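Everything below concerns the one structure shown next.
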2 protein chains.
Amino acid sequence: MRKNIVTVAKELNLAPSTVSKVLNNNGKVSQKTRDRVMAYVKEVGYFQDASARILKSKRSYTLGILFSDISLVGLEHPFFSSILQSFKNYVEKEAYEIIFVVSKVGEREMSYLEWCLTKKVDGVLLVSGNLNNPYIKELVASDIPCVSTDFIMPNLTTIISDNELGIELSIDFAKKLNRAYIDMIAGPSTSIAFQFRMDHFHKVMNKPVEPYFVIEAKGFGFQSGFDAAVRLLEQATRVPDYVIVGSDDLAFGAIRGFESKGYKVPEDISVIGFDDINFARIYSPALTTIRQDKKAIGEMAALKLIQMIQDKEPKRTELIKIPVILIERASTKIKM
Amino acid sequence: MRKNIVTVAKELNLAPSTVSKVLNNNGKVSQKTRDRVMAYVKEVGYFQDASARILKSKRSYTLGILFSDISLVGLEHPFFSSILQSFKNYVEKEAYEIIFVVSKVGEREMSYLEWCLTKKVDGVLLVSGNLNNPYIKELVASDIPCVSTDFIMPNLTTIISDNELGIELSIDFAKKLNRAYIDMIAGPSTSIAFQFRMDHFHKVMNKPVEPYFVIEAKGFGFQSGFDAAVRLLEQATRVPDYVIVGSDDLAFGAIRGFESKGYKVPEDISVIGFDDINFARIYSPALTTIRQDKKAIGEMAALKLIQMIQDKEPKRTELIKIPVILIERASTKIKM
DNA sequence: TTGTAGGCGTTATCAG
DNA sequence: CTGATAACGCCTACAA
């Protein structure tokens, strides 16, 4: 039979409440009894029961992780899984644990908010999600602190890469290379990050210099990138010499798409991606790209969320941008 | 104030125990009251409190996920994250949730077993781990049901790919291609899967036909594969025409390593990998490889673990092998 | 079939 | 600074 706090207290000739205080490091206890308790606890290997503590204290020291929509593949997504990993590392140092939010317990459907309430999660990280999902809205509107790394909503704190900066770096780099015909292959605008990138491209390019073309890929993968590249070549009135692609995955396909039409990358067309996933440096040609700082995003999300939990301040709309940098590789390396 | 089961019962003129029974679907309750309760519960939006339930029932319907050693990168590992994803999908259908096992709550270190006990997890999935970690041993030796997808231990159920089959498929394929000089670049034998692959290669090749060479890579990544390929060329007394590589990641490097010494892949040297990660089909040349069925591994692990929890049978040593298949691509495509 | 009562292990409150 | 006591919300015998 496992010891509980009552028996431990009894064996120490103390009250349970005193033991509880030293265990949780709050309340006034003399250093002497504190030491005595700590020593004894370690000696007999006593440890608290989480459920009782949660029940009584009305909080769980647990943070919910929510992938909506892509919840069936969320962990396999290299971008989100990296963010999650760094979030996890950070919060564990602060004695929080993480658990996945689900909306279905066996047969019974329940809203995200309901689930969070039954579990008494202290806060939730919205890793990715559908803006239109009413359960997401309900959760964000609730009192539970939330932080997102993917989308923007009223009363929500969002941490994302500085997509505008990334686009600017890409365009500046083209100029440095003396490339004049800059086009873009954008990711599907169902993702807010892709949307931002495309919007900013339009904004920066719109000063009347050269005409330019933007093609929106129909999906996220290699094939979508390939197809978009072919379409770009068909639709543009001149061949581009520098193409900014909304993601590395798309860029891989786009490069092969250009090659399939007889153009050489980087000689004829330089290609720059966005993300810097692992394979970017292994691809042929190695991909020049905008590196997103996934670690920083995860850590910032963790920091913000914990802050919100501890400060108990009301929710507000907030957008925090994490800087990106350009990584130069072979896909833009042209001899001048 | 949230309603609890007592108030709900009161409002229905029933006893709390009756309500509890219908909520948990056990005990004898008339269909009429059952319907009445369900309707009312839905109407007023009542839902159970998880902590109270766990406290009382001594189980949590929660499964622990344990990454030891690589816990700082576990989620980013494409192989393990895929397994975890499919495990998660499966167990959620069975009304289980998953939580990550940690060994440190803020400052306080604790053993995995202690942690699992405080959380009352019903079982744990050992996604990857260090055999020599005493806390792992302690956990496996405990009463908590455990399943591993990475290593073997007494009294542990393990689900892994049929590595032997994979090696045999690879070797048979070489013969089909009329390749005579088969060598291997093995992964570091710190991983049991790599160990199995190498051992089986030795076993199959050892029939006195041709001499062969095996090089053990020093790490897991591209560069290790590259270096191993160069070393292989230096040490082998003849140039191989078919090289089996212990993982796709290593194979990517090995291909470039061979090329760096002037050999063409696949013409001079055919290369086959192991895993079939996403990038394998995008690489140049696209990589022939042995596909591991990560989905099946995750699902089998889930099924086994839930079975162990429900059947309460004593633990035993068990090894379940999941079949693999050969995926043919360009890296072995030679005209005959 | 339904109700009663006790207890799961902890923490919060308030008194000493 | 320490101790007694009452919840927290639920489940499980067992009694009615």
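The sequence lines fix the lettering, A, B, ..., with proteins before strands; numbering per chain opens at 1. Given the structure is predicted, the values throughout are model-derived calculations rather than measurements. Computed over heavy atoms, backbone and side chain alike; hydrogens, waters and symmetry mates excluded.
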task = Consider the side chain of K58(A), meaning its heavy atoms from C-beta on, and name the nucleotide among dT10(C), dC1(D), dC8(D) that approaches it most closely.
result = dC8(D)

inquiry  = We want to know whether S30(B) and T33(B) form a side-chain donor-acceptor pair, criterion being a heavy-atom distance below 3.5 angstrom.
reply    = yes

Heteroatom pairs (N/O) under 3.5 angstrom, protein to nucleotides 4-6 of chain D:
unit_1, atom_1, unit_2, atom_2, d
dA4(D), N6, S17(A), OG, 2.9

task = Starting from P on dT11(C), measure out to CG on L23(A) and report it in whole angstrom.
result = 7 Å

query = If you look at every heavy atom in F87(B) and L63(B), which pair is closest and at what distance?
reply = CZ-CD2, 4.1 Å

key: 5' precedence on DNA chain D between Q31(A) and S51(B) (nearest-nucleotide basis)   = Q31(A)

Within 6.0 angstrom of D143(B) CG, more than 12 heavy atoms from elsewhere = no

ask   = Is there a side-chain hydrogen bond (donor to acceptor under 3.5 Å, both in side chains) between S161(A) and Q292(A) once you walk through the steps?
value = CA-CA 6 Å; S161(A) 286; Q292(A) 299 202 63; 2.5 Å; yes

query = Does Y46(B) make a side-chain N or O approach to OP1 or OP2 of dG9(D) shorter than 4.0 Å?
reply = no

task = Determine, for K119(B) against E97(A), whether the closest basic-nitrogen to carboxylate-oxygen distance falls under 4.0 angstrom.
result = yes

Rounded distance (Å) that lies between atom P of dG7(C) and atom CG of D49(A) = 18 Å

query = Just by distance, with hydrogens left out, do S111(B) and E138(B) show a side-chain donor and acceptor under 3.5 Å apart?
reply = yes

key: For atom NZ of K3(B) and atom C1' of dC8(D), their distance in whole Å   = 18 Å

key: Between dG3(D) (C1') and I5(A) (CD1): distance, integer Å   = 13 Å

inquiry  = Does dT11(C) have its OP1 or OP2 closer than 4.0 Å to a side-chain nitrogen or oxygen of R53(A)?
reply    = yes

query = Any idea which heavy atoms bring S86(A) and G298(A) closest together, and the distance?
reply = OG-CA, 3.1 Å

request  = For this output row, return yes or no: ring centroids of F100(A) and F100(B) closer than 6.0 angstrom.
outcome  = yes

Atom pair distance, as rounded to whole Å: CD1 in I54(B) and C1' in dG7(C) = 17 Å

key: S57(A), nearest nucleotide to its side chain (from dT11(C), dG9(D), dT10(C))   = dT11(C)

ask   = Which of these nucleotides, dC11(D), dC8(C), dT10(C), is closest to any side-chain atom of L55(B)?
value = dC8(C)

Pair D49(A) + K120(B), salt bridge at N-O below 4.0 Å = yes

task = Measure from CG on L12(B) to C1' on dT2(C) and round the result to the nearest Å.
result = 13 Å

message = Under 4.0 Å, heavy atom to any atom of DNA chain D: which of residues 33-40 of chain A qualify?
response = T33(A)

remark   = In whole angstroms, the gap separating P of dG9(C) from NZ of K10(A) amounts to 12 Å

request  = Using whole Å, report how far CG of L117(A) lies from P of dG9(D).
outcome  = 12 Å

Distance under 6.0 Å and angle within 45° of ring axis: R36(A) vs Y40(A) = no

query = Can you check whether N24(B) has a side-chain N or O nearer than 4.0 Å to OP1 or OP2 of dC11(D)?
reply = yes

